[in-house]
Structures are given as C-alpha cells and as structure tokens.
Amino acid sequence: GGARTDAGSSGGSTSSGDAAASCVDTSGDSVKIGFLNSLSGTMAISEQTVRDALDLAAEEINADGGVLGKQLEVVGEDGASEPTVFAEKAEKLVSSDCVAAVFGGWTSSSRKAMLPVFESKDALLFYPVQYEGLEASPNIFYTGATTNQQIVPGMDYLKEQGKTKVFLVGSDYVFPRTANKIINAYAEANGIEIVGEEYAPLGHTDFSTIVNKLKASGADAVFNTLNGDSNVAFFKEYKNVGLGVDTTPVVSVSIAEEEVGGIGVENIEGQLTAWNYYQTVESPANTTFVEAFKAKYGEDRVTSDPMEAAYTSLYLWKGMVEKAESFDVAAVQDAADGVTFEAPEGTVTVNGENHHIAKTALIGKIGADGLIYTEWSSDEAIEPDPFLEGYDWAEGLS
Amino acid sequence: MSPAGTAERRGGAVGRLLTGERVRTLAGFAVAAVALFGVAPALLSDFRLGLLAKFCCLAMVAVGIGLAWGRGGMLTLGQGVYFGLGGYLMAMHLKLADAGPGGVPDFMLLYGDGTVPGWWEPLRSPVVTVVAIVLVPVALASALGFAVFTRRVRGAYFAILSQALAAAFAILLVGQQKVTGGTNGLNGFRSFFGYDLADPVNKEMLYLIAAGTLLAMVAIVRLLMRSRFGELLVAVRDQENRVRFLGYDPAAVKVVAYAVAAAFAGIGGALFVPIVGIISPADVGVVPSIGFLVGVAIGGRATLLGPVLGALAVSWAQTSLSEQFPSFWTYFQGALFIVVVAFLPGGLASLGGVRRRWRAGRAERDDVPDEVPARAAQAPTTPSETVTSGSTP
Amino acid sequence: MLELEGVHVGYGRTSVVHGVDVRVPDGGIAAVMGHNGAGKTTLLRAAVGLLPVRAGTVRLAGEDVTRLRPHERVRRGLAYVPQGQQSFGQLTARENLQLVADGQGAAGGRRTDEALDLFPALRGLLGRRAGLLSGGQRQQLAIARALITGPRVLVLDEPTEGIQPSVVAEIEDAVLALTAAGGLAVLLVEQHVGFALGAASHFAVLESGRVVASGEGGIEQEAQVRAAMAL
Amino acid sequence: MTDIPQPEQVLDPDALEQVLAGPGDRFRHDYLEVRGLRVEFDGFVAVDGVDLTVTQGDLRFLIGPNGAGKTTIVDAITGLARASGSVRFGGVELLGKASHRVARAGVGRTFQTASVFDELSVLQNLDIAAGSRRKARTLLRRRSAVPEVVEQALETVGLTALRDAPAGVLAHGQKQWLEIGMLLVQDSRLLLLDEPVAGMSHAEREQTGLLLQRIGAQRTVVVVEHDMEFLRSFASSVTVLHQGRVLSEGTVAQVQADPRVVEVYLGSGRKER
Amino acid sequence: MDALFSQLFAGLSLGSVLLLAALGLALTFGQMGVINMAHGEFMMAGAYTAYVVQSLIADAGVSLLVSLVVGFLVGGLLGLVLEVTLVSRMYRRPLDTLLVTWGVALVLQQAARDIFGAPNVDVRAPAWLSGAVELFGLGVPRTRLFILLVAVVCVTALALVLKLTPLGRRIRATVQNRDLAETSGISTRATDRLTFFVGSGIAGVAGVALTLLGSIGPTLGTAYIVDAFLVVVAGGIGQLKGTVIAAFSLGLLQATFEYSTTASIAKVLLFVVIVAFLQVRPQGLVSLRTRSLA
Ligand SMILES: Nc1ncnc2c1ncn2[C@@H]1O[C@H](COP(=O)(O)OP(=O)(O)OP(=O)(O)O)[C@@H](O)[C@H]1O
Ligand SMILES: Nc1ncnc2c1ncn2[C@@H]1O[C@H](COP(=O)(O)OP(=O)(O)OP(=O)(O)O)[C@@H](O)[C@H]1O
Ligand SMILES: [Mg+2]
Ligand SMILES: [Mg+2]
C-alpha cells in the first residue's frame with residue numbers, strides 16, 4: 001500500500017512485520033507505553049484497580065529515573081469491557097501512538113482479541129491476570145498465574161485436607177470450563193470424585209437451583225470459578241440453605257480482597273481462595289507496595305493479586321529493557337529469560353520460553369476483617385507450565 | 001408541511017417530479033462515492049481507515065433497521081442476532097480456511113474434543129459461506145417473522161421479544177464453548193478468502209468492499225422505500241388491519257422488510273469479522289443490539305441516509321470521545337439518546353428539512369425522498385399526534 | 001354561558017379555524033353547521049381545550065378558560081361528547097360511568113340513574129366492556145358520561161351519528177328538556193339541518209374555517225342556512 | 001400558514017363509469033348468499049341464524065336498533081368475527097377464510113370509524129388499494145405513473161385537489177369518501193359499507209347516495225345506515241335486524257309500514273324527520 | 001422427592017423475584033404503555049437505598065423494614081422525575097420511550113458507579129432472616145419466604161387499588177384514551193405522575209428485597225430487566241392477573257429447565273417456550289379483546 005502518515009507521527013510502512021518496531025520513538029528523553037483497561041462497562045469494577053496499580057508503578061519508576069534514563073509517558077485507553085474495543089484500542093496504541101509496550105487486559109476474551117494485533121504488529125503486551133493457560137505467545141508476557149500455579153495447587157490443598165467429593169460451580173465462559181476440565185482430570189488421577197459440575201450464565205443471579213443440586217450432591221468441598229456478581233448471589237444462597245465452611249468449604253479462584261466487601265464478609269468468612277498474592281503477605285517489598293498504594297489511593301483501599309501482578313509487570317518490562325539495553329521488541333524478547341524482580345508476592349522470575357513467570361501458590365482464608373490470610377503455601381515458586389506438560393494426568397487435555 | 005404546500009411543490013403529476021430530484025440523488029451518491037472511495041483512503045492512516053471500515057459495517061445494520069423500524073414500525077431490539085449470525089458464519093469459514101483442508105481450528109483443539117462438528121463442515125466452502133451469510137439470517141428472520149407477525153404480535157411485544165431473542169442467542173453462544181469459542185468468540189484470523197489479513201493493501205481492499213456494500217445497501221433501500229412496497233410498508237405500520245382488508249397479507253409485507261434488515265445485518269457482521277478480527281457474544285447481545293439503534297434514532301429513523309450518517313457519527317464519536325473521557329462517554333451517549341429521541345424524534349435528519357429550505361439550490365447530500373414529507377419523516381405516529389405534540393406557536 | 005371570541009386554531013403549520021365567534025347563551029342551544037372538513041370538530045376541540053387556541057379567547061360563564069386544561073374546564077361545567085363514538089374500551093360500561101361519577105358523592109349516583117333512564121338499553125350492558133359494544137351503544141354511553149359530569153355547557157360533536165332514529169328523538173327531547181329546565185347550554189355540531197335547527201336557538205354556518213352565516217333563531221332560519229351551505 | 005383547499009364540488013359520478021368499467025368488470029352476475037349465520041361471543045349471541053340474499057344491482061340497506069348485530073354480520077363476512085353458517089359470494093364460501101383472502105375474493109368493506117393510512121397521501125392510499133392483485137415484482141418498482149383507475153377514483157370521490165395531502169389530515173367525511181374510493185379501485189365486487197355517510201352534510205349525503213346507487217347497479221352493495229332520509233332516497237331494498245335476527249325485509253315503504261320496525265327502531269309518537 | 005419439593009420452592013421463589021421485578025412494569029408498561037428500560041435502575045436505586053439506610057441504622061432488621069419504605073419513595077421519586085421531564089411528552093409514541101429510558105438507564109448506572117464506586121456493596125440480612133425454616137420436612141431459606149411475602153403483599157395491594165378504587169379506574173381510563181380522559185374530567189397529568197410514581201416505587205421495593213439475594217452494584221437492574229418485560233408480555237399487557245400467573249409459571253419453568261439441563265440452556269428454552277406460547281395466545285395469557293381496528 002501507499003505510504004501514509006497519521007496525524008502526529010512520521011514515517012511510513014510497507015509491510016506489517018517491522019511496522020511497530022520502526023514506529024516507536026526513542027529519540028527523546030521519554031518513551032511511550034500504553035495502559036489498556038476497561039474503565040467503563042461491566043469489567044470496570046475490576047480493571048480500574050489494575051489501572052491504579054499500573055499508574056502507581058509508572059509513577060515510581062519515573063520518580064526513580066525512568067527506564068534507560070527515559071521517562072515513561074503513559075497513553076491510557078479504555079477497553080470498555082468489549083473485546084472488539086480492546087482489539088481496536090490495542091491497534092491504536094501500537095500503530096498510531098507507537099507505544100513501546102502495552103499493559104492491560106483482564107478477561108480471556110479481551111486477551112484473545114488483542115493477541116492477533118500484537119502478533120501481526122510484532123508488539124508487546126503484558127497481561128496481569130490469572131487465566132486458563134493453554135497459550136504462549138511470543139508477544140505476550142503473562143504475569144498472572146497459569147493453571148498449574150493456581151488451580152492445581154488448589155486441588156492439591158483439598159486433597160491434603162482429605163476431601164473426596166468435590167462439586168464444581170463456575171460461570172459459563174472459557175476460564176471455568178477449562179479449569180474444570182483440568183480439575184476433572186486431576187480428580188480422576190487422585191481418587192477424588194466430582195459430584196457435580198454446574199455453570200451459570202455470566203451475571204446470573206439466582207442460585208437456588210444450583211445450590212439445591214450442590215446440597216443434594218453430598219459434596220464435601222466446592223471448587224468455585226464463578227465470576228463477579230454471581231459470587232454474591234451464590235454465597236448468600238449457600239449460607240441461606242444452611243451450608244457452612246466446616247462441612248463444605250468453598251475454594252474460590254476469582255475472589256480477591258476487592259470483592260470480599262461486595263459479597264459481605266459475613267457471608268464468606270472462613271472460605272478459601274487460591275492466589276499467588278494477598279495484601280497480608282509478609283515481605284518488605286509488599287509492605288512498601290501496600291503503603292505506597294494506600295498513600296496514593298486512600299487508606300480504605302486494598303491490594304489484590306491482579307493488581308500486584310500488574311504492578312510487577314511494569315517492573316519486569318523495565319528489567320527486560322534494561323537487560324536488553326533497548327526498547328526494541330526483538331531485543332526485549334531475547335533478554336526476557338531469567339529476568340527477576342523482588343515483587344510484593346516474593347521473587348518472581350520470567351520464563352523465557354513460555355513468557356510466564358514462576359510464582360508461589362498460596363491458599364488463603366478470608367478473615368473477619370475482609371482480608372485474606374495465607375493458610376497454606378507451595379514449598380517454592382512453581383515454574384509456569386501453561387500446557388501442563390509436566391503432569392502425567394493432564395495428558396490429552398490439550 | 002401543509003398538504004397544499006406539498007401539492008404545490010410536487011406540481012401534481014407524480015410521474016414528472018422525478019427528473020430534478022433524481023439528479024439530486026445521483027449527485028448525492030456521487031459525492032458519497034467520492035468521499036468514501038477517493039478522499040477517505042487518501043487522507044486516513046491504515047488504522048483510521050480500518051476504523052472507518054468497521055463503522056461502515058455497523059452502518060449496514062443501521063440501514064436495515066431504518067427500513068424495518070423507521071418504515072415498517074418494527075422496533076427490532078435483536079439485530080445483534082443477525083449481525084452475529086453473519087459474523088459467526090464468516091468467522092467459522094475463516095477459521096476453517098486458516099486450518100487448511102481437513103484441519104481443525106485452534107480453539108477446538110484447546111476447548112473441544114479436537115474434531116470439527118458436522119454442521120461446521122459445509123462452511124469450508126467459500127461459496128456456501130457467502131450464500132449462508134445472507135440466507136441464514138433471512139431464514140431465521142422469516143421464520144420468526146412469520147411466527148410472530150401472522151399472530152399479530154407487534155409494537156412493544158415485538159420489541160421485547162426480539163430483545164429476548166438477542167439475550168438468548170448470546171447466552172447460547174457463550175454456553176457452547178466447544179463449537180463457538182464461548183465468551184472468547186472467534187478470532188485470530190490470518191487470511192480472508194486467500195488474502196493475507198496482515199497486509200495493509202488487503203485491509204484497504206476490505207475497506208473498499210465495506211464502503212461499496214454500504215452504498216449498495218443504501219441504493220437498495222432507496223429503491224424499496226420509493227417502490228409501492230415502501231408505501232405498503234408504511235400502510236402496514238399505520239393500519240395493519242386495514243391493509244388486510246385490501247387483500248394483502250400484512251405479515252408477508254413485514255416479513256420482507258424484516259428479512260431484508262436481517263440480511264443487511266448479516267452482511268454487516270460478516271464483513272465486520274475480517275475487518276475487526278474478532279466476533280464474540282459481546283457483539284451480539286442486548287446491549288450491542290440497542291447500540292445499533294442509537295445511530296438510527298439519532299440520524300433519523302425514517303429517512304434514507306439518516307441511519308447511515310447517524311451510525312457513522314455515533315461510532316466515530318464513541319471512538320474518539322471515549323479515547324479522551326472514558327466514563328464521560330457513557331453520560332454523553334445516554335444524554336444523546338435522551339435528547340434526540342425525546343426532543344427531536346425525526347432525528348438529525350429532521351433538522352435537514354429546515355436547512356434544506358435555506359440551502360435550496362445546492363446539491364443535496366442527505367437526500368430525503370420526496371415521498372417522505374417532513375411529517376412522515378417523524379415518528380410513526382398518527383398525524384393528530386404529530387401535530388399536537390409538534391410546534392404550536 | 002360559553003363564548004368563543006375570534007378563535008384561531010390549527011394543526012402544525014396549518015391553520016384551520018380563522019377567527020370564529022360563537023356564543024352560547026344560558027339555556028340556549030347553538031348549532032354549528034358546515035361541510036365536511038369545514039373545521040367544526042377543530043373548533044369544538046379548541047373549545048374544550050384539546051387543541052390550543054392560537055388567538056382569541058374562550059369564556060365559560062364569564063371566566064376566561066382559554067389557558068385551562070380540559071379537565072379543569074370539565075370541573076367548571078363543560079362536558080364534551082367527541083365525534084366518533086369514543087369510550088374507554090377496556091373498562092366496562094359501568095366503569096365508564098363510574099369514572100365520571102367518582103368523587104361526586106350522591107350527585108354522581110343520581111345523575112347516573114338519570115342518564116340510564118335516558119338510555120335504558122345501556123342498563124343491560126353495564127357489565128360488558130365498552131370496547132365490545134356496538135357503535136350506537138358506545139355513542140349512548142358517551143352522551144351518558146357527559147351528562148353525569150353535571151354540565152352547565154354541553155358540547156356535542158355529531159351526537160346522533162350512528163344512533164337509531166327512535167333514540168335520536170329521545171336525545172333531542174332530553175336535550176331540549178335539560179335546556180328548558182335552565183342551567184344547561186348546548187353547543188352542537190350536527191349535520192342534520194333539520195335536527196340542529198329544530199332544537200337550536202342560535203346557529204352558525206362554518207365554511208373553510210370561517211363563519212359565513214350566523215344568527216339567532218332555529219327552524220325558522222332553515223332557508224337561510226340551507227342557502228349558506230349552498231344546497 | 002396556509003389554508004386547506006376545500007373541494008368545491010365534490011363527487012364526480014361521471015368518472016365513476018370509467019372506474020367501474022375498469023378491467024375488473026367482467027359482467028358477472030354475483031350475489032351474496034348468507035345462510036344461517038350465527039355469531040356468539042362468550043355466550044352472548046349477537047347474530048342468530050340470519051339469512052340474507054343480495055344480488056348485483058341491488059342496493060341493500062341493513063338497518064336495525066343499536067346492537068342489533070349489523071356490524072357483526074359485516075365482521076363475520078370479512079373474517080373478523082368467528083361465525084357459523086354459510087356465507088357465499090360468487091360461488092365461493094367466505095366463512096373461515098383469513099381477512100386478506102376474503103378481500104381477494106372480491107369483498108371490500110369500510111369501517112364504522114374511518115380507517116385510512118394517515119401518513120400516506122390520498123393518492124398513495126388509493127394506489128395501495130388498487131394493487132393487492134399486483135404481482136410481487138411490480139410491487140418492488142416505484143409507481144411511474146398514476147394508474148388510470150386511481151385517477152378516476154380520485155375524481156369520483158372528489159379528492160383530486162387533496163391528492164397529495166396525507167390522508168391523516170382529511171376531515172371525517174373526506175376520509176369516508178377516500179374509503180369508498182379505495183373500495184372502487186380495489187375492484188371489490190361486494191361492497192360492505194358500515195355507516196358510510198356518518199358525519200356528512202346533507203348535500204354530501206346526496207352525492208354519496210347517488211354514487212352508491214350507480215355503483216350498486218354493477219356491484220353488490222350492502223349499506224349499514226341509520227339515516228332514514230338517506231335510506232328513503234336511495235335504498236332499493238331494506239333488511240331490518242333486531243337482536244341478531246331478521247325482523248323484516250322488503251322495500252322502504254314496506255318496512256316503514258311494519259309496526260314491529262316502528263316499535264323497535266323508528267320510534268312512534270314523534271314526527272319522523 | 002426432596003429435590004422435587006425444593007425445586008418447586010425454588011421455582012416459586014424465582015417467580016416471586018420475577019413478580020417483584022415485573023410488578024412495577026405491569027403498571028408503567030402494562031397500564032401506561034411506557035417501555036421503561038430504566039426500571040432496572042430504579043431497582044438498583046432501591047438496593048442502594050437499603051445500603052445507605054443500613055449505614056444509618058445499625059439494626060439490620062429495622063433498617064430492612066425502613067428501607068422497604070424509603071426504597072419505595074426513592075424509586076417513586078426517580079420515576080416521578082423521569083415522568084415529569086421526559087416521559088410526559090412521549091405518551092403518544094410509546095416505542096420511543098424505550099430508547100429514551102435506555103439513555104436514562106445508562107446515565108443512572110454511570111451515576112451509581114461514580115457515587116458509590118464501581119465495586120459491589122453489601123447489605124447485611126437481619127438475624128431473623130438468616131438460615132432456613134423447616135417446611136414439609138425441607139429447609140426453606142427465610143429470605144426467600146420473606147421475598148415471597150413482600151411480592152404477595154405488593155401484588156394484592158396493587159390489584160385492589162386498580163380494580164376497586166376510583167384511582168384504578170382513572171389510571172386505566174387515562175391509558176386507553178388520553179383525550180377522552182381529559183374531557184371526562186380526569187387530570188391525566190396527575191394520574192400519569194401518580195401511576196408512574198407507584199410503579200417506580202414498587203421497583204424500589206423490589207430492589208430492597210433483592211439485596212437479600214444478590215449483589216448490589218451499578219448493573220443490578222440489567223440482570224432483571226429483560227426477564228421482567230418478558231413476564232409482562234407473556235402475562236398479557238395490562239393484566240395484573242396475567243402478570244402474576246406468568247411470573248410464577250416462568251419461575252417454575254426456569255427452575256425445572258435449570259434442574260434438568262443447565263442454567264444457560266434453561267434461559268434459551270424459556271425464550272423458545274415464550275415464543276411458542278405467543279403463537280397460541282398472541283396477546284398473552286390474559287387478554288381483553290376490543291373491536292377496535294388498531
Ligand atoms: N390532525 C390534523 N392534522 C392536520 N390537519 C387536520 C387534522 N385534523 C383535521 N385537519 C384538517 O382540518 C380541517 C377541518 O377538519 P375538522 O375535522 O374540524 O372538520 P369537520 O368540520 O369536523 O368535518 P366533518 O364534518 O367531516 O367531521 C380538515 O380539512 C382537515 O384536513
Ligand atoms: N366481541 C364481542 N363480545 C361481546 N359482545 C359483542 C362483541 N361484539 C359485538 N358484541 C355485541 O353484539 C351486539 C351487536 O353488535 P353490532 O356492533 O353488530 O351492532 P350494530 O347492529 O352494528 O349496532 P350499531 O347500529 O350501534 O352500530 C352488541 O350488543 C354488542 O355489544
Ligand atoms: Mg367533525
Ligand atoms: Mg354498527
């Protein structure tokens with residue numbers, strides 16, 4: 001195609017491959033990065049917190065002298081909770097704003113929508129949320145947990161507790177379905193019986209039938225992959241029919257500190273969660289992080305796993321760039337392996353092969369104060385294994 | 001518009017009034033063609049051109065709604081369904097084509113059992129796909145249309161039913177992850193009927209296809225609106241039973257308009273897929289379906305170009321305003337809806353009627369057919385309603 | 001009782017009634033006649049407040065009611081029977097009557113009885129929904145409703161349209177009786193010159209929204225009226 | 001502000017001949033034959049075993065007290081009310097057919113409250129009425145010229161000056177004429193008119209009556225009407241209904257003299273106007 | 001057997017929730033013809049009212065009862081404002097109210113987000129509503145019984161008002177023919193306002209009741225709005241009796257489908273059933289025919 005210029009930027013492009021690389025402007029004393037989160041729509045609830053954490057990290061890095069001596073200039077975009085908007089905005093950030101890297105995304109669908117953009121423009125995305133695995137793009141760095149760092153440890157914990165009848169309840173979308181597929185395989189190999197598997201449409205608000213089934217199933221534990229609002233309705237119903245933590249504890253993978261208030265502490269006190277970070281984690285890095293966060297956004301705010309992962313992602317990118325001594329995508333990719341960061345959750349290390357990071361799994365218990373306290377932790381950081389290649393029982397899953 | 005004024009302006013014989021006005025229309029089309037095919041590609045970056053292409057796809061849905069709702073009085077809150085059908089059909093084909101002959105799309109390997117379900121198979125053929133993109137929405141719309149229209153379900157009943165249809169369709173898509181990709185939808189297409197989608201030249205080609213299709217649709221609707229069928233449609237909208245006693249089957253008339261709207265939506269959805277690179281349940285449910293109406297209402301539902309311009313303007317405003325003020329956009333969109341529908345039921349096009357008078361002589365870009373006197377361009381109300389709620393000094 | 005002075009009315013950009021004067025004296029019956037589309041209905045709708053008057057005034061018992069909403073005029077004693085046999089279709093005939101009798105206490109009940117005496121056919125239909133009644137039955141219901149409001153001025157738009165001849169005669173008798181008893185004035189639009197003038201004390205002939213002939217007197221003016229209407 | 005042009009004269013019966021002589025007139029001798037018609041609503045019998053025969057060339061008036069069942073009979077014939085018995089026209093059984101099929105069988109009707117297409121012009125109203133038998137293909141084309149019948153019908157019902165006015169702005173009586181015009185172009189061979197002259201002035205009634213008389217000479221026409229003056233001038237025969245049954249039938253003079261008709265319908269004691 | 005009974009109750013309970021959500025609509029939509037898409041947001045406002053009231057009154061039980069009243073007023077006032085500013089000028093084009101109120105819904109949602117923050121908030125249930133009571137040897141959640149009770153009370157009161165009182169007649173008359181109502185001495189504006197106030201107020205009550213079951217967030221209303229409209233349509237517009245029957249039938253159906261299939265499929269099946277049902281009764285369960293053409 002003919003060379004054309006966009007308002008403000010210069011230089012044309014003829015083929016897509018090197019378009020982004022040549023378009024990033026590193027000549028000045030600042031460099032642009034993009035933050036892409038939903039600030040409107042249904043996902044704004046969650047994604048705004050990620051944006052807050054990203055902003056905090058950018059501020060800290062700039063105060064600390066920037067990256068390779070350049071100040072970060074943040075271009076913020078709203079994904080509006082719609083995959084197509086994510087795709088559109090990603091393309092804008094990469095080819096119109098010419099950012100060096102993009103940070104953001106939450107839902108799997110938003111990531112899947114952005115992936116082709118980053119691959120075809122050869123640009124970088126840092127994705128900060130735990131997800132269903134089965135993916136490894138050279139253009140994406142996944143700083144949240146993959147399944148073997150969250151789901152599998154969650155099941156390990158239940159097994160350790162001697163639970164043998166597990167009921168699965170989840171929202172009807174990709175993550176729960178994939179997670180439950182894994183859990184089913186795990187259960188079969190480990191002598192656990194899956195006594196029910198139920199999905200509710202996103203935003204479902206009436207759980208009487210599902211809880212009836214759950215109660216009738218005789219389950220001694222529940223693995224909960226419900227998303228967002230549905231958790232409130234589920235836990236209220238769960239409590240109302242007389243189920244309790246002692247008899248049938250629930251392990252949730254999508255309830256973080258942020259959500260506890262909305263569900264009502266009285267409804268979920270004592271229930272379990274599986275993550276890699278809690279605000280209560282004891283480490284100097286976390287103390288600094290939590291203090292800085294509260295100082296910036298207010299004492300009543302809490303920090304959570306995705307926020308921490310987003311915060312960490314910006315530092316990891318900084319580490320990679322500084323190791324590569326270049327903002328160039330290929331150089332950063334090459335330098336990625338082994339980059340580490342003293343994150344609030346503990347030391348994390350980038351796996352250069354699959355672009356995930358090694359993390360420690362933590363099972364937490366929700367306390368009366370609405371915070372989550374570590375109940376159990378994996379012995380060490382777990383290497384990311386998005387395709388579960390290191391687990392025999394997972395054969396044939398993907 | 002007083003009847004006398006109308007009569008005067010049109011000089012009586014219907015047969016004669018065409019010439020001057022036909023010239024205006026042709027001029028309008030010419031201007032639009034130059035703008036879409038000449039000016040836009042020359043001025044806009046690849047990214048912006050891609051956006052414009054996407055807007056064109058959304059505008060196609062709007063054109064159909066303009067016909068079904070503005071003309072036919074069928075307030076359809078479920079166009080997302082047909083948009084989605086077209087989109088998914090196209091996406092399925094692209095997925096299969098990317099997978100190669102006999103291949104299995106990647107997401108099925110991940111979430112499904114690794115085999116392609118039988119009903120996907122026909123879509124390996126480009127021809128079948130193109131035909132299905134038009135026929136499947138038409139078939140569903142006709143089936144549903146016949147079912148409800150012959151039973152005289154209309155007005156608010158129909159609106160709510162179509163909304164429920166959109167809700168049900170989205171839920172169904174989400175629930176069948178193995179074959180539909182679930183909430184993720186279908187994405188990551190590499191080629192479009194053999195053309196590499198990463199190549200900017202091909203992207204420009206897609207834009208040209210979208211713009212051309214949109215123009216063609218406008219032309220078709222123009223033909224329909226001015227045909228006897230168009231008059232009949234208005235008649236059915238206003239007095240369905242009376243039409244029955246003239247020997248027509250009103251249900252059939254409505255079904256045709258509804259099916260045309262569905263076909264347009266399907267085509268819009270189909271082109272949307274290679275242009276945007278993704279189709280997911282978020283594009284087909286209740287909210288996007290109502291979103292399609294925004295542009296139509298704002299542009300002027302009963303006019304020819306109102307829906308198109310409205311849809312283009314709203315999409316553009318959304319993209320550019322939400323870049324600058326994300327949460328403000330929600331307020332703005334809400335307010336726009338409220339103000340235009342409540343206070344300017346004819347949409348922005350009804351302002352055109354005023355403007356036209358002091359702009360007489362200049363070529364008319366937003367040509368409103370003469371058959372649509374200002375009063376008819378307004379909401380489907382009875383005249384007494386229109387007037388009493390209208391301007392009284 | 002009811003005076004329209006220099007009334008202009010129109011729809012949208014169209015003007016239909018141009019400066020019409022009509023006076024209905026106490027206990028009098030003013031008949032407005034004119035061709036199809038002359039603007040009679042338009043004039044009456046303006047008189048009762050359903051259409052805004054663009055210029056001119058409407059006075060009810062000396063009070064300027066030009067800016068009052070229709071129900072406020074009803075409370076001041078103006079009752080209206082619109083053209084076209086209108087009623088509340090989903091309500092039963094009884095509810096149609098109760099609706100206007102509500103809040104009138106004992107007077108409401110008494111007036112309901114009187115109205116039903118005038119239209120005995122309605123008694124047997126009280127339980128039926130008005131939407132199912134025949135056209136004439138609905139028209140009788142409409143007149144009954146208007147009478148129950150206890151009007152001082154009754155505005156009737158072709159009240160006998162669709163009503164069987166024997167009942168037409170009774171309506172005529174009733175109207176005459178009510179006006180004769182004093183206190184009730186009637187503004188009547190009627191196509192039957194015979195009927196209209198038979199009862200009227202005043203008349204006006206409307207042509208294209210203008211009064212082309214008017215005067216006092218009833219039947220004796222028939223010749224003049226027929227001439228004005230170019231028969 | 002503009003004034004609405006008032007049609008000066010008004011109906012043009014001469015134009016009628018040409019409408020009637022249109023392609024639809026194939027010198028048939030149709031007649032309407034109603035046998036044992038019965039309509040019941042939730043236990044209430046509105047029409048109770050009515051027999052009625054109306055031949056072409058007859059201008060039949062249907063009268064009777066309010067609620068006698070006149071409109072219901074028209075409804076039953078045109079498929080609006082469910083009925084038992086038999087209604088045949090031109091040899092075709094009409095009962096049980098959907099409304100639009102009844103219309104295609106050559107039956108047209110008007111409504112007690114006028115119903116025209118308010119947002120379409122007078123011309124478009126007529127054109128649509130003329131077109132129900134058009135092929136789907138021609139529907140998709142725009143009207144290139146006004147069909148001759150439509151022009152004629154416009155003249156006939158005196159709405160030529162208002163041809164381009166939206167029908168919604170017509171006065172009551174003008175709408176009634178438009179409806180008659182629509183029936184004419186619709187090429188109905190059986191016309192069922194429910195109070196067609198309601199709201200018309202005396203002169204207008206006369207004209208309408210003449211018009212109907214001429215139509216009646218070549219089509220089968222049934223008129224429901226309460227206006228006795230009108231009836232006396234134009235009816236060729238009269239059927240009187242009472243409580244869903246035929247009370248009396250005959251010429252105007254015959255039924256007027258029938259004491260039962262006087263009793264339930266015309267009213268006694270007062271001078272008849 | 002147990003499962004059957006508990007599902008039966010689940011259906012009834014779901015029905016009562018649907019009924020509460022749809023009841024206000026039966027007035028504003030069913031009676032007045034206004035397609036109020038902001039109805040769900042009025043419910044949301046009711047729910048947030050409960051949240052605010054709870055922060056003022058410590059005792060959860062007292063605050064719930066107070067909330068029911070205040071929620072009614074808040075919902076009602078919102079409705080009143082909507083009626084006066086926008087809806088009142090749109091009675092002659094009912095379909096357009098759908099679009100306008102959709103705009104209002106967007107604005108209200110965003111306003112809630114800006115006022116109360118995006119995350120959900122929580123309303124504590126009073127102690128006397130926690131847990132289950134034994135009914136026919138089966139544990140029935142007290143909250144659900146309470147909601148059933150609220151629904152029954154609301155519907156009975158409304159039915160009595162509509163059927164028996166002058167106000168009811170006035171409401172019905174106004175909807176059917178505004179001009180005729182005006183000229184029959186009814187202040188249609190006052191009637192409209194009052195009707196809309198009551199209908200929206202019931203939405204507020206529904207919102208308060210729903211805090212016992214689900215989350216309280218800006219999008220609370222959107223979860224119910226489509227279903228609520230379907231209930232009114234299936235029941236027959238303008239027919240309270242129909243609304244009640246439809247709400248409970250749909251509740252039972254959904255519970256049954258959900259038990260035997262999945263929640264997603266149940267939703268789809270429900271839609272299919274409704275379309276099929278409208279084939280048989282196009283005007284809904286209970287409908288009043290008239291002879292008018294339109
Ligand atoms: N809603 C309307 N909008 C525009 N014009 C109207 C409207 N209603 C009536 N008109 C016009 O106003 C004129 C007078 O109508 P109106 O109904 O007052 O006549 P009328 O004298 O009552 O006739 P009729 O005897 O047929 O009832 C008519 O020419 C008609 O075209
Ligand atoms: N759908 C219905 N349900 C119940 N009763 C009905 C229905 N339709 C008509 N009726 C009743 O049937 C009777 C006959 O009505 P119809 O309209 O045929 O009378 P009509 O002879 O046309 O009277 P009018 O001269 O007043 O127009 C009336 O008593 C009416 O109330
Ligand atoms: Mg009139
Ligand atoms: Mg009748």
Side-chain angles (χ1 to χ4, degrees), chain C residues 41 44-45 47-51 68-92 94-105 108 128-135 137-138 141-142 144-151 154-157, chain E residues 26-27 29-33 84 88-89 91-92 94 159-195 235-243 283-284 286-294:
Chain C
T41 298
L44 295 202
R45 284 171 66 82
V48 299
L50 288 177
L51 284 174
L68 292 189
R69 293 177 47 72
H71 74 271
E72 293 165 325
R73 302 189 199 193
V74 175
R75 289 191 192 143
R76 284 167 174 73
L78 187 70
Y80 175 53
V81 177
Q83 192 171 12
Q85 305 147 348
Q86 298 185 34
S87 61
F88 302 104
Q90 302 274 1
L91 274 63
T92 60
R94 180 178 290 111
E95 285 173 329
N96 266 273
L97 300 180
Q98 277 175 343
L99 187 70
V100 280
D102 282 338
Q104 294 188 31
R128 199 172 292 174
R129 283 201 307 284
L132 300 177
L133 296 179
S134 80
Q137 292 165 341
R138 278 203 306 273
L141 190 61
R145 247 192 346 253
L147 291 176
I148 294 173
T149 60
L154 192 54
V155 177
L156 302 171
D157 198 347
Chain E
L27 259 190
F29 174 51
Q31 299 288 342
M32 305 176 72
V84 171
S88 59
R89 61 187 74 238
Y91 283 115
R92 301 187 189 246
L160 290 179
V161 167
L162 277 183
K163 196 74 207 161
L164 299 180
T165 64
L167 173 66
R169 276 194 285 277
R170 241 177 279 156
I171 290 175
R172 289 184 289 149
T174 302
V175 184
Q176 279 164 48
N177 191 330
R178 314 196 76 78
D179 281 355
L180 194 59
E182 267 289 329
T183 54
S184 299
I186 297 170
S187 169
T188 53
R189 278 196 200 154
T191 310
D192 288 336
R193 279 178 204 161
L194 193 60
T195 319
I237 289 182
Q239 300 308 312
L240 216 49
K241 196 180 6 167
T243 307
Q283 303 304 314
V286 182
S287 68
L288 296 183
R289 277 176 322 114
T290 60
R291 307 174 76 193
S292 74
L293 256 190

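In this text the structure is predicted, and so the values were computed from the model without any measurement. Residue numbers begin at 1 in each chain, while the letters A, B, ... track the order of the sequences.
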Would you say the side chain of [Y] lies within less than 4.5 Å of the side chain of [X], judging by non-hydrogen atoms?
X	Y	value
I186(E)	H71(C)	no
R69(C)	R189(E)	yes
S184(E)	T149(C)	no
R75(C)	S187(E)	yes
R45(C)	D179(E)	yes

*salt bridge (charged side-chain N to carboxylate O under 4.0 Å, His left out) against R169(E), all qualifying residues, sequence neighbours excluded*: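 Applying salt bridge (charged side-chain N to carboxylate O under 4.0 Å, His left out) to R169(E) gives D102(C).
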*asked:* Working to the nearest 0.5 angstrom, can you tell me the gap between K163(E) NZ and E95(C) CD?
replied: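 The CD atom of E95(C) is 5.5 Å from NZ of K163(E), to the nearest 0.5 Å.
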*By ring-ring contact (aromatic ring centres under 6.0 Å, His included), which residues pair with F88(C), not counting sequence neighbours?*
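Scan of F88(C) (ring-ring contact (aromatic ring centres under 6.0 Å, His included), adjacent residues dropped) gives none.
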*What are the two closest heavy atoms between V48(C) and T183(E), and how far apart are they?*
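That closest heavy-atom pairing would be CG2-CG2, 4.1 Å.
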_chain E interface, residue from V81(C), L99(C), V100(C) that has the most non-hydrogen pairs under 4.5 Å_ =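 Maximum pair count with chain E is reached by L99(C).
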*Check: E182(E) side chain, L50(C) main-chain N or O, donor-acceptor pair, under 3.5 Å*: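 No: the side chain of E182(E) does not pair with the backbone of L50(C).
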